[in-house]
Every structure is written in structure tokens, then in C-alpha cells.
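For ligands, and for the atoms within them, numbers begin at 1 and follow the listed sequence. Basis for what follows: all heavy atoms, side chains included, without hydrogens, waters or symmetry-related copies. If you read the sequence from its start, that first residue is 1, and numbering goes on from there.
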Amino acid sequence: MKQSFYDLNYSDLEAIISQNNLNHSAAAVLFNWHYKKKEHTQCQDKIAKCSLAFIEDSFDFSLPEIDVVHESKNDRTVKFLFKLKDNHKVETVLIPFNNKYSICLSSQVGCAMNCSFCFTGEQGLKRNLTTSEIVGQFLQAWRWLASNRPGEERILNIVFMGQGEPLHNFDAVKKACEIFLSQHGTSIGVQKIAISTAGYIPGLKRWSQEIPGVNLALSLHSPFAEKRNELIPINKKYPLEEVLTYIDKIPLNKKQFITYEYILINDFNDYLDDAKELGAMLAGKSAYINLIPFNSFPGSRYERPGLDKIEKFKDVLDTYKIPTLIRMAKGDDVLAACGQLNSKN
Ligand code: SF4
């Protein structure tokens, strides 16, 4: 079976090219063709015929297929359902902002973390995605924009906040980041990539050493153990205090900060005491808080608080001088907002 071209980072490709005595410029030409120009046809740029023949014989260039596209009527968010080779499916979301897009990528089919506020958690974990399946979501979404919204193919931010716990599939996510960051390819700035975690400590340890500079978002959701255990069951194995101790040790660049995500659930974690405890916990850190009013999904047991309560919660955090943003839902009419992804057949 041929190896997927999109599973290789730049140094992997260079190594294969040199082991096979091909012209060393082939790696740069191929990365430029497939990642910078985002072409899916055979490379037409300057490349020796023998290299081209080797490449065609050795690599598979297929990508996940777009199965269904949902476009939000409210805000132009786009949700893709991708079909993988083994017929599993994953979802990816393009979120518009100022004539550009952020892309929210999935890292696993389903998820093992079973968070109670998340539709994906109900699916259980089916399997990890490969690097090519992760990179493929980006390339296919870019091509969809080029065909359907020409001139708008500007995906400037990448967030690993789709289906799956990215740090639970560390190797494939790391390689995908290396491909996105490569100056020979998409050349996305390191500050433009963010990985979200529920607090999976084994992955956190590796993250700080192996992909420094990539931004981190922690799903915090409650400063109190009992409530966080209900929302994020792995809190019982990796308690928040331990997770924060790890995060505090991560060396950050001058302008870098950790984002703390907080889903606000009506009459559960939206009391002023929750806000005070959260503020005291994060005060003085290089922290940024995203308040996400809960997005419901079929069968969900929680509700979104009213705007008044949300604003009062933020007012408390403001007294701790922590930059806090209320992130109103985008794409919730097509179940594309935070916590709403589910690709179960
Ligand atoms: S919130 Fe993230 S980690 Fe939790 S179940 Fe959903 S996808 Fe998994």
C-alpha cells in the first residue's frame, strides 16, 4: 500500500528523497505545490521526471472526502462532514471573522473523554485520526472556499477544538502542526495555532517540550472539583490543581498566554461564587478567559444562562483584571458551535 504524502513532515520527505538518491530540491517543490499552492493534481512545477515517477509510485495523494456541507444562514459558518477511507466520519468547522476564517479541526473519531456538556463525548472513541486526515481537513476546506466563495480562501487560524482530545493523539497532531508551520508549505504562524485540552497530563508534558510556541487552551469549566468531575470525568484522574501546576511551568513567549475556556451552564457553574473562585485561581497568570454560553444539542441535560447572568459573571472576573471575552455561538443553527459536533452515523 502506498504511503500518504500528507503523513510526512518536511524532514520525513527530505529523508525519503535523499535515501532514494533523488534531486534534493524535490521536497521543496512538492511542499510548495501541495501546501502553498494547494494543488491536488500531479506536480507540474520543475521536478525531474525520474523523481516524479518515484513520487507517483510511492505516495498516495488522496484526502478525506467532503460528504455533507452545512452552511449557517445566520453567520456564514460552514460545517463539513468528512468521510474517511474506513467510512468513519468527522466534522470540521470554518468560522468566519473579518473576511478571514478560523478552522476548527478534529483530531479523533469520537472522543474518550466523555465530557458531559459535549455531543462528541457521547460517541466514545472510535480511533485516532492520522496526520493526513488532520491536514486533509484543512486542505479540503480551503479548496471548498476557493470553489464556493472565491477570493475568501484565507484560513489564518487553526484551532484543535473539534472532535477528540488532541493531546490524546499527540504524535499525529504534532506532525500536522509541523506541516502547518513549515515555511515550505502553508507557513502558518506559530501563534496562529491553538490546541485545546481537557487537561490530559501525559500529552501536556510532551506538548511543552515538543511543540513549544503553539498556543494552549485549557477546558476549565469549573474551579470546584465536584462540578469539574461531572463536566470532565478525567478530572478524577488528572485533577485541575495538577494540570495548572504543569501549565504554570510551561515557558511562554512574551506575548503568549494560556486561554482558559469556561462553558457557562445555567444554575450549575454560573454563580458569582464560581466566578470569584475562578478569578482567584487565575489572577496574576498570563491568562485569557473565554466564556462560552452553553450550546445545547439533542438530548443535552444543561441549559444556557441568560445574558444578564453571563455579563454579571464577567463583571466579577474583570475585578481580578483577567482579560475575558464572552464568545457568543457561531453556527449553532447547524450544530457547528462549541460542544455540538457529532458524526455518529
Ligand atoms: S469537550 Fe473535547 S475532550 Fe471533552 S468529550 Fe468533547 S471533544 Fe472530547
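- By the 30° and 60° cut-offs, the orientation of the rings of His168 relative to Tyr200 is perpendicular.
- Ranking the protein heavy atoms by distance from atom 2 (Fe) of ligand 1 puts Gly164 O, 4.1 Å first.
- In this structure, OG in Ser147 is found 9.0 Å from CH2 in Trp142, a value given to the nearest 0.5 Å.
- Ring planes of Phe5 and Tyr35: parallel class, angle under 30° (limits at 30 and 60°).
- Taking CG of Leu278 as the start and CG of Asn269 as the end, the distance is 9.5 Å to the nearest 0.5 Å.
- The ligand atoms of ligand 1 that sit less than 4.0 angstrom from a heavy atom of Cys111 are 3 (S), 5 (S), 7 (S), 8 (Fe).
- Taking backbone and side chain together, Cys115 holds no N, O or S atom under 2.8 Å from atom 6 (Fe) of ligand 1.
- In this structure, the protein non-hydrogen atom closest to atom 6 (Fe) of ligand 1 is Cys118 SG, 2.3 Å.
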